[in-house]
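Taking it in order: structure first as structure tokens, then the write-up.
Worth saying up front: this structure is predicted, and the values here are computed from it rather than measured. Values below: all heavy atoms of this structure, side chains included; hydrogens, waters and symmetry mates excluded.
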Amino acid sequence: PDGATLRSYFEVPSRPGAGRLVSTYQGPNREPLPSFAGEPRDIALEGATARETAEAVYVALAPRTGGHDFRVAAACAFVDPGKLEDFELHIVNRHERT
């Protein structure tokens, strides 16, 4: 209400097959869209690559039939905790899809 910036920081432990999801918006598609709030959501990551996982997350965020599609992108990084400089990253951007 006073125009101040609110930031939240979360520590996210690395667990095989598990991730945390932070989206821009939450809840049902309505005008105006409610901003995401609270803790990042736990999600299962079943892909074998960053590409497969990013695609699966993007598909899972699709609106229900007849709903407006507010998705913009999904990103996934596969990181080896022992080699942080060696990682795989994939971004699904709806404006670059064919």
Verify same cluster id: Leu45, Leu21 (apolar side-chain graph, 4.5 Å): yes
Side chain Glu88, main chain Phe78, donor-acceptor under 3.5 Å: no
Nearest heavy-atom neighbours spanning Ala77 and Leu89: CB-CD1, 4.1 Å
Distance under 6.0 Å and angle within 45° of ring axis: Arg71 vs Tyr58: yes
Under 3.5 Å donor-acceptor, Arg51 side chain and His90 backbone: no
Derivation and outcome, side chain to side chain contact (heavy atoms under 4.5 Å, CB included), residues Arg20 and Glu39: CA-CA 9 Å; Arg20 304 280 279 173; Glu39 294 275 331; 3.4 Å; yes
Nearest heavy atoms of Asn93 and Ala73, plus distance in Å: CA-CB, 4.2 Å
Minimum-distance pair of heavy atoms, taken over all atoms of Ala74 and Ala54: CB-O, 3.8 Å
Partners meeting side-chain contact (heavy atoms from CB on, under 4.5 Å) with Asp86 (sequence neighbours left out): Lys83
Glu11 CD: over 12 foreign heavy atoms closer than 6.0 Å: no
Would you be so kind as to tabulate the donor-acceptor pairs closer than 3.5 Å made by side chains of residues 2-10, with sequence neighbours excluded?
from: Asp2; atom 1: OD1; to: Ala4; atom 2: N; distance (Å): 2.9

